[in-house]
There are 2 protein chains.
Amino acid sequence: MANQLSRLDQVFSALADPTRRAIVMRLCAGEASVGELADPFEMALPSFMKHIHVLETSGLVLSEKSGRVRTCRLSPDTLVGAEDWFQQQRAIWEARLDRFEAYVMKLKKDKERAGAKRPSNKINRTTGKTTKRKGSE
Amino acid sequence: MANQLSRLDQVFSALADPTRRAIVMRLCAGEASVGELADPFEMALPSFMKHIHVLETSGLVLSEKSGRVRTCRLSPDTLVGAEDWFQQQRAIWEARLDRFEAYVMKLKKDKERAGAKRPSNKINRTTGKTTKRKGSE
DNA sequence: CAATTGGTTAGCCATGGAGCTAACTATAGG
DNA sequence: CCTATAGTTAGCTCCATGGCTAACCAATTG
C-alpha cells in the first residue's frame, strides 16, 4: 500500500529541481551518457545518479546500459503530458475570462443606457488599479 | 538570505502536490475564500493554510483579506511563465528532431549515391545512430 | 456584550529528499 | 592479466515538507 504518486506529481516534483531541469534541457538536445550528463555538475556521482533515477521513475527520461555505459534519452511524451496540464488550466481560465468580459460589457451597456449616473469603478486599495482587466496586466 | 530558490523551482514544486494543483484548478474557475477552498479537503485548516502559503510564495496565487475573510485568486502570469518553459524545451526538442531527420535524409542520399559501397560509419544497433559523437549529432 | 465564525500562530512529529563517502562490480583497453 | 573507467550499492547526515493539535485574534451576529 505504498504511496502510488500520480504521474503528474512525479513529473512536477522532478522538474522542481534545477539540476534535473538542466538534465532535461540537456537531453532535449540529444541523448547522452551518465558521465557526459554529470560532467558540468559539481556533485558526487552517486548523488547525481539519484537525480537520473528520479527522472526515470517520473517517466521523463529513459536509459539503457550497453557495456559499461548507460545512455539516457528524453521521453518527450511525458514532457508533453505535463505541458497539457497547463493548457487545460489555461483553457478554463480563458473561458472564465471571456465570461467575465462579457459580464463587464453587459454592465457597461447597462450603465450607458442608464445615462452616466455615477462613477462606479471600484478601486482596489492594495494595487491601486481598477478592477477592469483587459488582457494580462 | 538563505536558499534563494528560483521562481521555476517554486512553481514546479508547488504544483507537485495534488492538493495544491486542485486549488489552482479550482481558482482557474474564479476566486474563492480560504474556507471555500478548504471545504472539499479532509485536512485541518492550518495544514491547508500552509498549502495556500506555498502557492502564494510561488507567485501562483494572490490573496487579500477584507474583514475576516481572505479571498484568493490565481495569478495567471506565473502559470503561463511555467508553461513557457515547456514550450521552450519542446522547441529545442523539435529543432533537434528536424536536424535528425535531415541527417537521416542525408545518410539515405549518401548511400544511394555511393551505390552501396562501404559502411564506414559504425551504427549502434540499439539506437540506430552512429557512434561518432563530436558535438551534438 | 456574548457567542460564532474564519483565519492565524506556535509548536510538535514523521517522512522523504538531496547531498556526502566508502566500497564494490563489471567492462574496456593495454 | 592488470588497470583504469563508468556506474552502482550501502549507509550516513541534514533539513525541508506535510500533517497534526491547541490556543489565539478579530470580525460578525444574535
Side-chain angles (χ1 to χ4, degrees), chain A residues 1-6 8-24 27 31-58 60-73 125, chain B residues 1-6 8-24 26-27 31-58 60-73 122 124-126 131 133:
Chain A
M1 36 197 35
N3 224 343
Q4 192 61 316
L5 281 268
S6 97
L8 265 191
D9 285 30
Q10 296 184 65
V11 170
F12 282 132
S13 101
L15 294 177
D17 185 280
T19 300
R20 288 193 294 257
R21 273 201 313 282
I23 295 174
V24 167
L27 288 180
E31 55 181 44
S33 73
V34 169
E36 285 170 337
L37 289 173
D39 197 48
F41 298 94
E42 305 228 335
M43 186 183 298
L45 242 204
S47 317
F48 187 80
M49 283 295 295
K50 279 197 187 172
H51 288 297
I52 299 281
H53 189 246
V54 169
L55 287 169
E56 254 185 301
T57 60
S58 79
L60 282 166
V61 163
L62 304 174
S63 80
E64 60 188 302
K65 197 168 178 177
S66 106
R68 62 184 170 177
V69 36
R70 171 173 299 278
T71 304
C72 305
R73 60 194 176 81
R125 272 160 249 75
Chain B
M1 42 203 38
N3 227 340
Q4 191 63 313
L5 282 268
S6 97
L8 266 191
D9 285 30
Q10 296 184 64
V11 170
F12 281 132
S13 102
L15 293 178
D17 185 280
T19 301
R20 289 192 294 258
R21 273 201 314 280
I23 295 174
V24 168
R26 167 58 238 276
L27 289 179
E31 54 182 43
S33 72
V34 169
E36 286 170 335
L37 289 174
D39 197 47
F41 298 94
E42 303 227 337
M43 189 184 294
L45 242 205
S47 314
F48 187 81
M49 284 294 296
K50 279 196 188 174
H51 288 296
I52 299 281
H53 190 245
V54 168
L55 286 169
E56 255 185 300
T57 59
S58 80
L60 283 166
V61 163
L62 305 173
S63 80
E64 60 188 304
K65 196 167 179 178
S66 104
R68 64 183 168 176
V69 37
R70 173 172 298 277
T71 304
C72 304
R73 61 194 176 81
K122 266 184 291 185
N124 180 325
R125 270 161 252 74
T126 60
T131 51
R133 40 172 60 273

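Scope of the values below: all heavy atoms of this structure, side chains included, with no hydrogens, waters or symmetry mates. Proteins come first, then strands; the chains are lettered A, B, ... in the order of their sequence lines, and each starts at number 1.
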Indicate whether OP1 or OP2 belonging to [N] is found under 4.0 Å from a side-chain N or O atom of [X].
X	N	value
B/His51	D/dT17	no
A/Ser47	C/dC20	yes
A/Arg68	C/dG29	no

### Message
As a test of reading the structure: which of D/dC20, C/dT8, D/dG7 is closest to the side chain of B/Met43, going by heavy atoms?
### Response
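So the nucleotide nearest the side chain must be D/dC20.
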
### Query
A/Val69 side chain: which of C/dG19, C/dG7, D/dG7 is closest?
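In terms of side-chain proximity for A/Val69, the closest of C/dG19, C/dG7, D/dG7 is D/dG7.
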
### Query
Which sits closer to the 5' end of DNA chain C, A/Leu45 or B/Pro46, going by the nucleotide each is nearest to?
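Looking at DNA chain C, the more 5' nearest nucleotide goes with B/Pro46.
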
### Query
Parallel, tilted or perpendicular: which fits the ring planes of A/Phe12 and B/Phe12, with parallel below 30° and perpendicular above 60°?
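Parallel, since the angle between the ring planes stays under 30°.
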
### Task
Check whether any side-chain heavy atom of B/Cys72 lies under 4.5 Å from a side-chain heavy atom of B/Arg26, and answer yes or no.
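A side-chain contact under 4.5 Å is absent here.
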
Could you state the atom-to-atom distance from [atom1] of [X] to [atom2] of [N] in whole Å?
X	N	atom1	atom2	result
A/Phe48	C/dC20	CZ	C1'	16 Å
A/Asp17	D/dT17	CG	P	12 Å
A/His53	D/dG7	NE2	C1'	14 Å

### Query
Taking atom types as modelled and ignoring hydrogens, do the side chains of A/Glu64 and A/Thr71 form a donor-acceptor contact shorter than 3.5 angstrom?
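No donor-acceptor contact under 3.5 Å links the two side chains.
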
### Query
For B/Thr19, which contact category applies under a 4.0 Å heavy-atom criterion: base, sugar-phosphate, or nothing?
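The residue B/Thr19 makes no contact with any strand.
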
### N/O donor-acceptor pair, side chain B/Lys65 with base C/dG7, under 3.5 angstrom
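It does not, because no donor-acceptor pair links the side chain of B/Lys65 to the base of C/dG7 below 3.5 Å.
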
